[in-house]
Amino acid sequence: MNLFSDIRALVIDCLNAMVAAGDLPEGLDFKNVTVEPPRDALHGDMATNAAMVLAKPAKLRPRDIAEKLATHLASDARVTVAEVAGPGFLNMRLGADTWQGVVSTVLANPQTYGRSDMGQGQRVNVEYVSANPTGPLHVGHTRGAVFGDALASLLDYAGYDVTREYYINDGGAQVDVLARSVYLRYLEAHGQDVAFEDGTYPGDYLIPVGQALKDKVGDAYVNQSEDVWLAEIREFATAAMMDLIREDLGVLGVKMDHFFSEKSLYGTGLIESAIDSLRSKGLIYEGVLEPPKGKKPEDWEPREQTLFKSTEHGDDVDRPVQKSDGSWTYFAPDIAYHFDKVERNFDLLIDVFGADHGGYVKRMKAAVSALSDGKTPLDIKLTQLVKLFKNGEPFKMSKRAGTFVTLRDVVDQVGPDVTRFVMLTRKNDAPLDFDFDKVLEQSRDNPVFYVQYANARVHSVLRKATEMGTDVSDAALSAVDRSGLAHDAELGVARKLAEWPRLVEIAARTNEPHRVAFYLYELASDLHSLWNRGNDEVALRFVQEGDETTTQVKISLVRAVSVVISAGLGILGVTPAEEMR
RNA sequence: GCACCCAUAGCUCAGCUGGAUAGAGCGCUGCCCUCCGAAGGCAGAGGUCGUAGGUUCAAAUCCUACUGGGUGCGCCA
């Protein structure tokens, strides 16, 4: 149930009635007609722009349309007032019973209120994290992981069939570097002194991998040349790194449906067939690229390469898929991977990249556009940098990795719930400040705490009422006659609850889970305000001593708040707190 | 040089496929509370929405140019 779409449907019905009555011409397009909450609550509960949108095509004055529409709307039982305002806005007020009905709906459908069928079961693939398997995940990955995971949950909630996917970059030169680094740790485990030069990974996290390798193969690789051990250690090391990464994701509560290995594309003809697909469309040619202007590399010389004509699909320059020595560039397996996604018949693809990969967006979209003949949309979301602070000071050091702060460093300190919520309190493309102290603060300016506290307060009230012997089960609260829920402050909270299904759809349509976090903060704020008013006005308290019926009515409202907070936190992957500690 | 992202209150940020007098938290000012319905409450001041044009009944939102900041730009993924 979405009250806003219900009322929009009512508006459309009224407009059709006006057409039938000859008050509006036939054949008007109503798609731009919206029903939304007015910015200022004084204007009413809902407003429609119908009169202004239709004035021009109908060749009528907005106010004339609005006034006739108002009479139609006012005849609906839900609408208590419909009045024309400003340039032609039509403001509506809805009766208390409608808002009480919202609470009833929430309590009757605690598992589904807010869910939407907007996605129509369309299959969407969300690819996120996709970090190189060369070490533990760091803070940047953490943001991408949280964002991608929340986005996936949001889309699921909005009625899409979602696949969460991780692309393992295990096919390039960086896994050779990993293998060599592990080899050094292996030698170290055999008691040799080793030096980590540039181009190797010196992090401590490879020490146990070197040890494990020794346990497995003994001294078989000691003093052997690279061609003896490289391939096998590469395999061993990437498996170990993926175990590490899976563990990291696990502590954050991220669970992928599918891991896709880049290496699986090599030697299987998959890259070749993806490139052939492009070739068959006339998009592959041999050519020489111009050097980038203003930033000409020192050693630039023109070389003929195999190029993808990505400019035909919106890119700025054509992109190489083969190096001059004939081997594939990193772009080629990426094309093949996305070809695979297209062939798996997803209706929509979403890639979550770090902002430093922004330059990669156009070519990837061009590739998917070309491979799917423009049929499979690809949305690429970039997550911006996370700046860490501790005691207000920038914070860079890591216990484990030495050079970067890991996901584990963050989660160990503040927990997965705080990590996830905070990472979503900013738009994905805005930089995020993460202060280890502030995120644990118990005050209004910490949204994590404030939302959790609101939910905890509801549960505290539920416990208290139960102690008094009042039945506050959802079943009992659903059945209550809510006509006593009439104070404007209380109905205001119900109005906020009515916005939830609408917000879910907006957030899902824009692929912006942060909107959920902001909504929850506002909802929590409304609950806290009402709670505080109860300090002065006894009639607004949720637990009414000695009046079980009224208590149930009041509590049904706050329980509904808790239902929505839990649902919202569920989307964000945060566990709702039932009490604060 | 080119591309992408960003620019909103003193600070950190929201702002719906374009809607009315642009919101929140912090900080500031004033009042109240300090009774575990506790981890404070209420109210107020504070904005040329980077600049200049354009489209529109209507622009923070869309288009163009410019300014400032970030990211990236052929054999690294």
For B:G46 and B:G25, measure between their C1' atoms and round to the nearest Å.
15 Å
Between B:G72 and B:U55, how far apart are the P atoms? Round to whole Å, please.
39 Å
With a distance cut-off below 6.0 Å to the six-membered ring centre and an angular limit of 45° from the axis, does A:Arg502 pair with A:Phe4 as a cation-pi contact?
yes
Hunt down the Watson-Crick or G-U wobble partner of B:G25, both distances under 3.5 Å, from any strand shown, or write none.
B:C11
Scanning all shown strands, the Watson-Crick or wobble mate of B:C66 with both distances under 3.5 Å is B:G50
What do you reckon, do A:His43 and the base of B:A20 stack, with centroid distance below 5.5 Å and planes below 30°?
yes
Once you apply a heavy-atom cut-off of 4.0 Å, does A:Thr329 come out as touching a base, just sugar-phosphate, or nothing?
nothing
Of the listed nucleotides B:G25, B:A20, B:G40, the one nearest the side chain of A:Arg444
B:G25
B:G19 and B:C63, which share atom name P, separated by this distance in whole Å:
15 Å
Rounding to an integer number of angstrom, what distance separates B:C66 and B:G74 when you compare their P atoms?
24 Å
Report which part of the nucleic acid A:Arg457 touches: base, sugar-phosphate, or nothing (heavy-atom distance under 4.0 Å, all strands).
sugar-phosphate
Tell me what A:Val543 touches on the nucleic acid: a base, only sugar-phosphate, or nothing, going by heavy atoms under 4.0 Å.
base
Any-strand Watson-Crick or G-U partner of B:U34, both distances under 3.5 Å:
none
Gap in Å between the two P atoms, one belonging to B:A60 and one to B:A3, rounded
27 Å
Pairwise P distance, B:G37 and B:G30 [rounded to whole Å]:
31 Å
Relative to A:Phe389, does A:Lys438 satisfy both conditions: NZ or CZ under 6.0 angstrom from the six-membered ring centre, and within 45 degrees of the ring's axis?
no
Verify the distance criterion only: is there a donor paired with an acceptor across the side chains of A:Arg457 and A:Tyr453 at less than 3.5 Å?
yes
Interatomic distance at C1', B:A45 relative to B:G10, whole Å:
13 Å
Pairing partner (Watson-Crick or G-U wobble, both distances under 3.5 angstrom) of B:G19
B:C57
Could you tell me whether A:Pro320 contacts a base, only the sugar-phosphate backbone, or nothing, with contacts defined as non-hydrogen atoms closer than 4.0 Å?
sugar-phosphate
Counting primed atoms plus P, OP1 and OP2 as sugar-phosphate and everything else as base, spell out the protein contacts along nucleotides 6-19 of chain B at 4.0 Å heavy-atom distance: B, S or - for each nucleotide, 5' to 3'.
S-----SSSSBB-B
Can you tell me how far P in B:U64 sits from the matching atom in B:G18, rounded to whole Å?
16 Å
Pairing nucleotide - B:C2, Watson-Crick or G-U, each distance under 3.5 Å
B:G72
